[in-house]
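When a ligand or atom number is given, it counts from 1 through the structure's own listing order. From a predicted model like this one, the values you see are computed outputs, not experimental measurements.
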Amino acid sequence: MQMTEKDFIPKIYSKTIESGSYTWSAPSNIALVKYWGKKAHQIPENPSVSFTLNNCKTTTKLSFSKKENLNSFSFEVFLDGEEKDDFKPKIETFFKRIEAYLPFLRYYHFKIETSNTFPHSSGIASSASGMSALALCLMSVEKELSEVISDEFFNQKASFLARLGSGSACRSIEGDLIVWGTHTEIDGSSDLFGIKYPFEVHQNFKNYQDTILLVDKGEKQVSSTIGHDLMHNHPFAQRRFEQAHANLSKFITIFKTGDLDTFVKLVESEALTLHSMMMTSMPYFILMKPNTLEIINKIWAYRNRTRSKICFTLDAGANVHVLYPESEKESVLEFIKNELVVYCQNGHYICDQIGFGANQIQL
Ligand code: PMV
């Protein structure tokens, strides 16, 4: 049975609690088929599939205590122990969007203490890991207030809530491959939340590596919210959305057979298509930097030279995710150190690999 928004509105809570705290650690994720373009309420225009990461994570502690005044939300936010008032508008918007699904939000004052394993100004978006960690903490509160919540529903609703914070965050609850968005060949796929990829995955993808080259650590010049909006009235949008459906079908075969040559082509094509959409919107913009292109060309030359299965993908930014099978770990790291690190800002890069999702931390 297809879940609808209504299924996430809770019945009256059976319990009351005065105060408490929960801590969750949630990973970032990297899309292979990209999500770019959305409808109202963070509904994606096309399905996407991603690798959950392992080392790039946000840890969030949510402390809560009952308050009297129910007229507004009340919360404070800390990043690495420092109060961060500039995070507040995003969280206020998030709370407004999810209030219908978590009616307890007005009853408590919240203290949100968060930290990332990756440097804050690394150009790595913390919104996916951050929103999913917060959504999981909120679900822990709901679980304590409710009679019974199954693990499956817990994860589904955490993903549903995270999506309302930042679309791609709904792919950061579980691992190791997550599909978000309805696709005819994937039973149970939904626009409302991410699901674990349900089919066979070849050994070639086990412990798949992702080394993130930090080309530009600055703030993005164009936020993804604006970028998604520019897909409305975009001349190529409809064709792009169809292509994403077709590419996801192709990935089903690739994951099954372990065909890395086709994987490489499709992953890179998706990354360049994402950036082509940005370059052909009105207004147009370019998020790649000269060093992004230098790295891409070096990767292509290395692949031609060595028959390696290395490839790149990109987020909405200049940083490059270098993907490769575990069997090539040593040689590719050597190549990265010798030839690619010069293009990274201050020589910074992060070694990561495919991971299995968020964890609750018992303090
Ligand atoms: O989650 P958002 O709204 O920040 O969108 C991110 C979209 C991309 O990272 C560019 C692609 C994706 O599917 O993650």
Side-chain angles (χ1 to χ4, degrees), residues 26-53 56 58 87 90 93-94 97 118 122-135 159-173 175 177-183 189 191-195 197 210 212 216 219-232 234 237 240-241 243-245 247-248 251 266-279 281 285-288 292 312-321 323 352 354:
S28 185
N29 70 76
I30 181 69
L32 304 173
V33 173
K34 306 291 181 181
Y35 148 63
W36 198 242
K38 62 180 170 187
K39 303 174 196 163
H41 308 296
Q42 308 271 104
I43 297 299
E45 289 275 14
N46 65 258
S48 55
V49 65
S50 54
F51 279 157
T52 303
L53 295 183
C56 289
T58 298
F87 283 11
K90 213 170 172 189
T93 306
F94 180 49
R97 285 186 193 158
F118 45 90
S122 61
I124 296 189
S126 56
S127 60
S129 50
M131 284 299 175
S132 58
L134 181 56
S159 175
F160 172 88
L161 297 171
R163 187 197 95 241
L164 291 166
S166 170
S168 61
C170 76
R171 299 188 312 238
S172 275
I173 306 291
L177 263 176
I178 301 292
V179 174
W180 167 41
T182 310
H183 187 271
S189 58
D191 285 346
L192 300 180
F193 47 83
I195 62 159
Y197 178 74
D210 180 2
I212 308 162
D216 184 27
E219 285 275 311
K220 282 189 270 185
Q221 311 108 308
V222 181
S223 72
S224 55
T225 309
I226 293 172
H228 287 291
D229 262 358
L230 291 172
M231 288 300 275
H232 296 124
H234 188 294
R240 157 60 195 156
F241 303 144
Q243 179 199 39
H245 282 267
N247 282 350
L248 186 44
F251 270 110
L266 219 50
V267 168
E268 293 189 346
S269 164
E270 273 289 321
L272 295 179
T273 301
L274 168 71
H275 283 256
S276 321
M277 289 298 117
M278 300 171 186
M279 289 193 251
S281 60
F285 58 103
I286 301 180
L287 294 184
M288 290 185 283
T292 312
F312 71 85
T313 188
L314 307 165
D315 264 342
N319 296 334
V320 182
H321 288 249
L323 301 181
D352 210 334
I354 196 164

Report task. Quick one, list the residues around ligand 1 where some non-hydrogen atom comes in under 4.0 Å, by chain and residue number. Result -> A31, K34, Y35, W36, S166, G167, S168, R171, S224, H228, L274, D315, A316
**Report entry** Backbone N/O of E270 and side chain of H275: donor-acceptor pair under 3.5 Å
**Finding:** no
Query raised in the report: Just by distance, do the side chain of R163 and the backbone of H41 share a donor-acceptor pair under 3.5 Å?
Result: yes
Requested in this report: Determine the interplanar angle of the Y35 and W180 rings, folded into 0 to 90°, and report it as parallel if under 30°, tilted if 30 to 60°, perpendicular if over 60°.
Outcome: perpendicular
Query raised in the report: Near I43 CD1, under 6.0 Å, is it more than 12 heavy atoms from other residues, nucleotides or ligands?
Result: yes
Query raised in the report: Does the side chain of K90 pick up a donor-acceptor pair with the side chain of S166 at under 3.5 Å?
Result: no
Report task. Find out whether the Lys NZ or Arg CZ of R97 is both under 6.0 angstrom from the six-membered ring centre of F94 and within 45° of the ring's axis. Result -> no
